[in-house]
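To start, the structure under review is shown below, and the notes come after it.
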Amino acid sequence: MPTEPSLAVVTGASSGIGAVYADRLAARGHDLILVARRADRLQALAARIAETHGRKADIHVADLADPASLAQTAATLAANPRIEVLVNNAGLAKLAPFGTAPLADSLSQIALNITSLTQLTQALLPGFLARNRGLIINIASVLGLEVLPGSAVYSGTKGFVLNFSRGLQKELAGSGVKVQAVLPAATATEIWDNSGVPLASLDTGMVMTVENMVDAALAGLDQGEAVTIPPLADLGLWQRAEAARLALFEATRTGRPAPR
Ligand SMILES: NC(=O)C1=CN([C@@H]2O[C@H](COP(=O)(O)OP(=O)(O)OC[C@H]3O[C@@H](n4cnc5c(N)ncnc54)[C@H](OP(=O)(O)O)[C@@H]3O)[C@@H](O)[C@H]2O)C=CC1
Ligand SMILES: N[C@@H](C=O)C(=O)O
């Protein structure tokens, strides 16, 4: 009996990193559900995917920062047992000093980067666990590891994505459900011009193409990496940082105040 190809959901598929993930997952044989607000962009991508890869891409137009639209999206996805992959990619950056930034900018970053990612994961995970099969790719950022002036809220949201992913990885260990956190560094997408820091103002030598970013992230996935930092050549740096982080945590489990 021929089986239907698995379905991959990509949020924020209308541009940048999400659009390339959609292309690459289609090339790997997945049908797709493309989620974002801009229907015209999603339709154009769905047509390209059908033509290039012969895969079916449905579009789901939603504002994931809007609670009602998010709830409707979560319910629709939860009801689809063919979904095997969730790429939590939709994200927003507003890079400005917190003290003077509009509160709405902070809250919209939290709503999209944290709340929607959490709610969509919660919607799909029970089905993944019931079928003991699934993959969740959470797009964080290297700005989840470091904070620059102007990135307090954005970095906070991406720190959440990294730690949320770590928690899921521990809870799901031994199951057929895998979670990868991806921490891109600067990548040439629309996010920059929308963030208040124009892409053209960045040192071009530090900016990756979207295609290179996604292909490196998928190479990390294929090698079983739990956390992938696409431009990081020296994996030992990450391993030493992780070892130091765990040693620091262990050193707090004394139950006593430090002598100082
Ligand atoms: N580019 C970079 O340098 C880096 C990016 N990242 C992360 O990568 C992810 C993708 O960003 P990137 O491709 O760069 O940026 P883009 O701005 O190109 O893409 C963002 C995507 O999110 C969607 N989106 C934005 N707001 C909403 C919303 N309210 N509801 C639904 N979808 C929404 C957009 O679609 P639409 O407007 O049609 O709704 C778009 O498809 C983000 O999580 C970002 O934080 C991490 C590190 C570096
Ligand atoms: N998305 C970028 C900031 O706008 C980043 O995470 O580096």
Side-chain angles (χ1 to χ4, degrees), residues 9-19 21 33-38 42 60-78 86-125 136-171 179-187 189-199 213 217 227-229 245:
V9 177
V10 181
T11 69
S14 63
S15 65
I17 292 168
Y21 260 107
I33 299 178
L34 310 174
V35 184
R37 293 169 302 181
R38 287 172 292 181
L42 295 179
H60 181 96
V61 178
D63 181 350
L64 298 178
D66 173 72
S69 183
L70 174 60
Q72 188 265 333
T73 304
T76 302
L77 299 181
L86 170 64
V87 184
N88 273 316
N89 164 76
L92 169 71
K94 290 289 176 194
L95 302 176
F98 177 70
T100 49
L103 178 62
D105 283 357
S106 299
L107 298 183
S108 62
Q109 289 178 90
I110 292 167
L112 186 63
N113 301 1
I114 295 181
T115 306
S116 80
L117 177 140
T118 306
Q119 193 162 338
L120 295 183
T121 303
Q122 181 98 63
L124 284 171
L125 189 54
I136 299 167
I137 299 174
N138 288 330
I139 308 299
S141 168
V142 290
L143 283 178
L145 301 174
E146 170 58 329
V147 191
L148 300 174
S151 84
V153 173
Y154 181 75
S155 287
T157 67
K158 293 304 183 175
F160 172 89
V161 177
L162 175 57
N163 271 335
F164 176 62
S165 303
R166 283 179 171 136
L168 290 183
Q169 286 160 356
K170 288 191 173 166
E171 292 178 16
V179 177
Q180 181 199 28
V182 176
L183 279 59
T187 306
T189 72
E190 295 170 16
I191 201 168
W192 288 99
D193 288 348
N194 294 329
S195 75
V197 176
L199 183 60
M213 198 300 281
V227 177
T228 297
I229 304 178
R245 184 176 64 84

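This is a predicted model, so every value here is computed, not measured.
Put simply, CG on Asp66 and OG1 on Thr115 are 12.0 Å apart, with the number rounded to the nearest 0.5 Å. Atom CG of Leu42 and atom CZ of Arg38 lie 8.5 Å apart (nearest 0.5 Å). With rounding to the nearest 0.5 Å, the separation of CD1 in Ile33 from OG1 in Thr76 is 8.5 Å. Separation of atoms CD (Gln72) and CG (Leu77) is listed at 9.0 Å; rounding is to 0.5 Å. Here the CG-CD distance, from Asn163 to Gln169, works out to 10.5 Å after rounding to the nearest 0.5 Å.
Between the Ser155 side chain and the Leu143 main chain, a donor and an acceptor come within less than 3.5 Å of each other. Looking only at distances, no side-chain donor or acceptor of Ser141 sits under 3.5 Å from a matching main-chain atom of Ile139. The closest donor-acceptor contact from the side chain of Trp192 to the backbone of Thr187 lies under 3.5 Å. Asn138 places no side-chain N or O within donor-acceptor distance of the main-chain N or O of Val161, the cut-off being under 3.5 Å. With Lys94 contributing its side chain and Asn194 its backbone, the two residues share a donor-acceptor pair below 3.5 Å. A donor-acceptor pair is defined here as one N or O able to donate and one able to accept, closer than 3.5 Å; no such pair exists between the side chain of Ser151 and the backbone of Val147.
Proximity of Ile136 to Leu125: side-chain heavy atoms (C-beta onward) are separated by under 4.5 Å at one or more points. Taking 4.5 Å as the limit, every side-chain heavy atom of Tyr154 sits out of range of all side-chain heavy atoms of Ser195.
Within the structure, salt bridge (charged side-chain N to carboxylate O under 4.0 Å, His left out) pairs that include any residue of residues 147-161 do not occur (at least two apart or interchain).
Evaluation of the side-chain hydrogen bond (donor to acceptor under 3.5 Å, both in side chains) rule for Arg37 yields no partner, not counting sequence neighbours. Partners of Ala90 according to the side-chain contact (heavy atoms from CB on, under 4.5 Å) rule, which considers only residues two or more places apart in sequence or in another chain, are Thr11, Leu64, Leu112. The side-chain contact (heavy atoms from CB on, under 4.5 Å) search around Gln122 returns none, not counting sequence neighbours. Judged as a side-chain contact (heavy atoms from CB on, under 4.5 Å), and not counting sequence neighbours, the contacts of Ser108 are Leu92. By the side-chain hydrogen bond (donor to acceptor under 3.5 Å, both in side chains) test, Gln180 is found to be paired with Thr228, residues two or more places apart in sequence or in another chain being considered.
Nearest heavy atoms, Leu199 versus Asp193: N-OD1, 2.9 Å.
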